[in-house]
*Asks:* 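Handing you a structure now.
The first residue of the sequence shown is numbered 1, and numbering continues consecutively from there. This one's a predicted model, so the numbers in the text were calculated from it and none came from an experiment. Numbering of ligands and ligand atoms starts at 1, following listing order.
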Amino acid sequence: MEATKFKDLEISPRILLGPGPSMVPARVLSALSMPVTGHLDPEFLALMQEVQELLRYTFQTENELTVPVSGTGSAGMEAALCNLIEPGDRVLIAIMGYFGERLYEIAGRYGAQVDRLERPWGQVFEPDEIKAALDKKDYKLLALVHGETSTGVLQTGIADIAAAAHQNGTLVVLDTVATLSGVPVEVDAWDVDVVFSGSQKNISAPPGLAPLTVSPRAREVLRNRSTPVGNWYLDLSLLEKYWGKERTYHHTAPVNMNYALREALRLIAEEGLQARFERHRTNGEMLWAGLEEIDIPMLIPSEYRLPVLTTALVPSGVDALEVRKRLMADYNLEIAGGFGPLQGKIWRIGLMGYSSRPEHVLLLLAALREILSKR
Ligand SMILES: *Cc1c(COP(=O)(O)O)cnc(C)c1O
């Protein structure tokens, strides 16, 4: 092995304006490089409690069972579903894009009888539509996406939907991977049961942890399961013993990722949730106005447009991928393309967490103006 073949690691500090990961503040990166401790070290145990407290603040909940699941947002998704579902359970998934499809895919793998309620990509559900579907059968749970990153829509009316679900004895699972700490997510006020997110979107820590919170109502359902959870690693009955008083070993916590998450959450608390939501909205609106000025229309009407992830229509005759390549090569700037039915038709522009800054909006607009004028 010729070891000199491997050079010192050098990673370019990109301007990340895609659907995640977002840019990570220096304070978070520096927390990441603190010494590794044992996962039962008293200092780490104290840090775990702080992470939980900060997560409750961010989720706007008093839920005791609030933890960062080891793994990315999809691990949170899998944890929510595998813990609630027992083989044969009836489950309703509201699907309006790629991540709704993923919920559907995962629910089926745990043996649920899964029904789909669908909307074409780019639309949202009317709460009444979901209510009507919930009335048709006895569903154990309803799962849906709050901010659908594949299309750029924000599902509104979550509190109404949750109230209707609970009237039918149905639990609500909500994917807030793209929304938590970027747009309001009020777990207790909306009375949603299992809510999960990801560390690398609006929270602006590296990818690798999935914040998750469980209502007392859902915990009761977990306690009364008649079969063991189909996924050992994500079994909350085992995880809660490590994150609760017993401190029983289950798997080694990714300790440094928890340092990073703590620092990212501390930054959220310092900024304040309301100010943070306003910042994301203001920068989103600035982007929308600027795109309209250069004749790039938005895919989604403003009433349910996601301020943290804008889907912009690629003007006719423009090669979407070519523009993205130019943005990266000339401006060091990353945005994403569309996929599925929106492939080649849209750009997906994220203004998430630390990436959501006016100077990034101005740079992207100037870059697009220059690139598109030179065609
Ligand atoms: C990114 C994302 C996920 C998946 O998260 P990973 O961290 O990529 O596993 C799930 N749902 C939504 C809405 C997302 O935006």
Side-chain angles (χ1 to χ4, degrees), residues 16-24 55 58-59 67-82 93-107 109 119 121-125 142-156 158 172-185 187 192 194-213 231 233-234 254 257 260-261 264 280 284 299-300 304-311 334-340 342 346-353 355-356:
L16 298 176
L17 304 185
S22 60
M23 293 161 83
V24 177
L55 280 179
T58 309
F59 273 126
V67 296
V69 171
S70 304
T72 63
S74 306
M77 190 182 272
E78 184 117 16
L81 295 172
C82 76
I93 313 282
I95 307 170
M96 53 177 184
Y98 177 81
F99 290 104
E101 287 290 352
R102 186 173 290 184
L103 285 165
Y104 176 81
E105 164 81 20
I106 294 175
R109 291 195 184 196
R119 273 268 166 198
W121 285 42
Q123 295 185 13
V124 284
F125 289 95
L142 159 74
L144 74 170
V145 177
H146 187 216
E148 185 43 91
T149 336
S150 57
T151 65
V153 301
L154 178 69
Q155 177 64 54
T156 51
I158 302 292
V172 179
V173 169
L174 187 65
D175 173 339
T176 66
V177 177
T179 48
L180 187 68
S181 96
V183 299
V185 173
V187 170
V192 275
V194 181
V195 184
F196 58 89
S197 193
S199 52
Q200 81 276 25
K201 304 212 178 178
N202 298 303
I203 294 174
S204 282
L209 288 175
L212 176 134
T213 187
N231 184 313
Y233 193 74
L234 298 172
M257 267 308 298
L261 180 63
H280 282 90
L299 172 72
I300 306 297
Y304 51 93
R305 190 183 294 156
L306 200 51
V308 297
L309 193 282
T310 298
T311 42
E334 178 187 277
I335 65 169
F339 56 105
L342 297 172
I346 57 166
W347 288 304
R348 294 185 302 141
I349 305 165
L351 293 172
M352 294 180 166
S355 291
S356 172

*Asks:* What protein heavy atom sits nearest atom 11 (N) of ligand 1, and how far off is it?
*Replies:* Asp175 OD2, 2.6 Å

*Asks:* Heavy-atom distance under 4.5 Å between the side chains of Leu55 and Thr213, does that happen here?
*Replies:* no

*Asks:* For ligand 1, which atoms sit closer than 4.0 Å to a heavy atom of Gly147?
*Replies:*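 The list of qualifying atoms is 13 (C).
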
*Asks:* To check your reading of the model: name the closest protein heavy atom to atom 7 (O) of ligand 1, its residue, and the distance in Å.
*Replies:* Gln200 NE2, 2.7 Å

*Asks:* With a heavy-atom distance limit of 4.0 Å, tell me whether Lys201 approaches ligand 1 through its side chain, its backbone, both, or neither.
*Replies:*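 Answer for Lys201: side chain.
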
*Asks:* Show me which atoms of ligand 1 lie under 4.0 Å from any heavy atom of Ala178.
*Replies:* 15 (O)

*Asks:* Show your reasoning for whether side-chain contact (heavy atoms from CB on, under 4.5 Å) applies to Thr179 and Leu306.
*Replies:* CA-CA 8 Å; Thr179 48; Leu306 200 51; 3.8 Å; yes

*Asks:* If I take atom NE2 from residue His146 and atom CG from residue Leu174, how far apart are they, to the nearest 0.5 angstrom?
*Replies:*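 CG of Leu174 is found 6.0 Å from NE2 of His146.
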
*Asks:* Please identify which atoms of ligand 1 are closer than 4.0 Å to at least one heavy atom of Gly73.
*Replies:*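 Going through ligand 1 atom by atom, the ones under 4.0 Å from Gly73 are 5 (O), 6 (P), 7 (O), 9 (O).
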
*Asks:* If you compare all heavy atoms of Ile335 against all heavy atoms of Arg348, which two are closest, and at what distance to 0.1 Å?
*Replies:*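 Heavy atoms only, the tightest pair is CB-O, 3.8 Å.
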
*Asks:* Taking only heavy atoms of Thr72 into account, list the atoms of ligand 1 that are under 4.0 Å away from them.
*Replies:*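 Counting from 1, the qualifying ligand atoms are 6 (P), 7 (O), 9 (O).
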
*Asks:* Using a strict 4.0 Å cut-off to heavy atoms of Thr149, name the atoms of ligand 1 that fall inside it.
*Replies:* 12 (C), 13 (C), 14 (C), 15 (O)

*Asks:* With heavy atoms only and a cut-off of under 4.0 Å, state how Glu148 meets ligand 1: side chain, backbone, both or neither.
*Replies:*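 Neither; nothing of Glu148 gets under 4.0 Å from ligand 1.
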
*Asks:* Under 3.5 Å between some N or O of ligand 1 and some N or O of Arg102?
*Replies:*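 There is no such contact.
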
*Asks:* Determine whether Pro307 and Val183 make a side-chain contact, defined as any pair of heavy atoms from C-beta on separated by less than 4.5 Å.
*Replies:* yes

*Asks:* Checking Gln155 side chain against Phe125 main chain: does a donor-acceptor pair fall under 3.5 Å?
*Replies:* yes

*Asks:* Out of all atoms in ligand 1, which are within 4.0 Å of some heavy atom of Ser74? Include the element for each.
*Replies:* 4 (C), 5 (O), 6 (P), 9 (O)

*Asks:* Please write down residue, atom name and distance for the protein heavy atom closest to atom 10 (C) of ligand 1.
*Replies:* Phe99 CD2, 3.3 Å

*Asks:* Any side-chain heavy atom of Leu299 within less than 4.5 Å of one from Leu342?
*Replies:* yes

*Asks:* Once you round to the nearest 0.5 Å, how far does CG of Leu103 lie from CD of Glu78?
*Replies:*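 Reported value, rounded in 0.5 Å steps: 11.0 Å.
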
